[in-house]
Amino acid sequence: MRLLLCYGIGLIFGVGISMSGMANPAKVLNFFDVAGIWDPSLGFVMGGALAVTFVGYRFVLKRPGPVLGGMFQLPRRRDLDMPLLGGAAIFGVGWGIAGFCPGGALPAIGTGDTNVLIFVAALLAGIGTVKMSYAISNARNRAKTT
C-alpha cells in the first residue's frame with residue numbers, strides 16, 4: 001500500500017510539473033530572460049507552490065508524525081553555511097543554463113530527449129561526487145581524532 005501511495009504522489013507531482021511547463025527548458029529559459037522574451041507564467045507556478053506549501057505545513061506539522069509512519073525530518077540548523085550557499089548557486093546557474101531542474105527533468109526522462117538524459121546523468125554524477133567527497137572528508141576527520 002505504501003508503495004502505491006508513493007507512486008501516486010510521484011505521478012501527481014510529475015503531471016503537475018509537466019502541465020505547468022517546468023519540464024520544458026525553453027519555457028524555463030524564457031522565464032529567466034527578463035531582457036528578451038520574458039515569460040512570467042512560471043512565477044505564478046512557483047508562487048502557487050509556495051502558497052500551498054505555506055498553508056499545508058501549518059496543517060501537516062500539527063500532526064504527531066507523517067501519515068505513512070516515522071517522524072518528521074525537519075532541519076535543525078538555521079544558519080547559512082557554505083555548502084548551502086554553494087549548492088544554491090550551483091543549482092541556480094545550472095537551471096539558468098540548462099533550463100532543467102531535477103524536479104522538471106525527472107518527469108521529462110520519458111520523452112527520451114538526449115538533453116534530458118545528459119542532464120540527469122550529470123545530476124547523478126554530481127550527487128555521487130558530493131557523497132564521495134563527504135565520505136572522504138568524514139574519514140579524514142575520524143582519522144585525525146583517533
Side-chain angles (χ1 to χ4, degrees), residues 1-32 39-146:
M1 183 62 162
R2 180 183 175 121
L3 184 61
L4 188 60
L5 285 172
C6 290
Y7 175 78
I9 291 166
L11 182 64
I12 291 169
F13 175 78
V15 168
I17 288 288
S18 297
M19 287 178 59
S20 69
M22 292 190 80
N24 178 356
K27 187 168 185 72
V28 171
L29 293 173
N30 286 341
F31 172 72
F32 289 122
D39 180 359
S41 62
L42 290 185
F44 294 110
V45 171
M46 289 184 266
L50 283 172
V52 169
T53 301
F54 181 80
V55 173
Y57 266 59
R58 300 299 179 266
F59 289 108
V60 169
L61 294 179
K62 289 181 181 176
R63 299 181 54 83
V67 172
L68 297 178
M71 58 184 246
F72 290 115
Q73 302 288 323
L74 301 173
R76 290 180 171 77
R77 292 183 63 176
R78 298 236 180 232
D79 60 321
L80 301 177
D81 59 356
M82 286 312 294
L84 176 66
L85 295 174
I90 291 169
F91 174 86
V93 169
W95 197 24
I97 291 172
F100 286 117
C101 74
L106 294 179
I109 288 175
T111 66
D113 182 358
T114 307
N115 293 324
V116 177
L117 300 175
I118 291 170
F119 176 85
V120 172
L123 171 71
L124 294 174
I127 290 170
T129 302
V130 169
K131 284 188 170 213
M132 191 173 10
S133 69
Y134 274 134
I136 291 168
S137 176
N138 288 339
R140 285 183 183 160
N141 288 338
R142 281 192 301 271
K144 287 179 185 179
T145 58
T146 57

Trace of the side chain to side chain contact (heavy atoms under 4.5 Å, CB included) decision for Phe13 with Ile17
CA-CA 6 Å; Phe13 175 78; Ile17 288 288; 3.6 Å; yes
For Pro25 and Phe100, the nearest pair of non-hydrogen atoms, with its separation, is CG-CZ, 3.6 Å
Does any part of the side chain of Pro66, heavy atoms only, come nearer than 4.5 Å to the side chain of Phe72, both counted from C-beta?
yes
For the residue pair Lys27 and Ser41, confirm or rule out a side-chain donor-acceptor distance under 3.5 Å.
yes
Determine the minimum heavy-atom distance between Gly104 and Ala23, stating which atoms define it.
O-CB, 3.4 Å
Taking C-beta and beyond as the side chain, do Phe44 and Ser20 meet within less than 4.5 Å on heavy atoms?
no
Between Asp79 (side chain) and Asp81 (backbone), is there a donor-acceptor pair under 3.5 Å?
no
Closest heavy-atom contact between Pro107 and Gly14?
CG-CA, 3.8 Å
With a cut-off of under 6.0 Å to the ring centre and 45° to the axis, is Arg63 in cation-pi contact with Phe59?
no
Nearest-0.5 Å distance, CG of residue Leu29 to CH2 of residue Trp95
10.0 Å
Side chain to side chain contact (heavy atoms under 4.5 Å, CB included) against Thr53, all qualifying residues, sequence neighbours excluded:
Tyr57
Considering only heavy atoms from C-beta outward, does the side chain of Leu74 approach that of Leu61 to under 4.5 Å?
yes
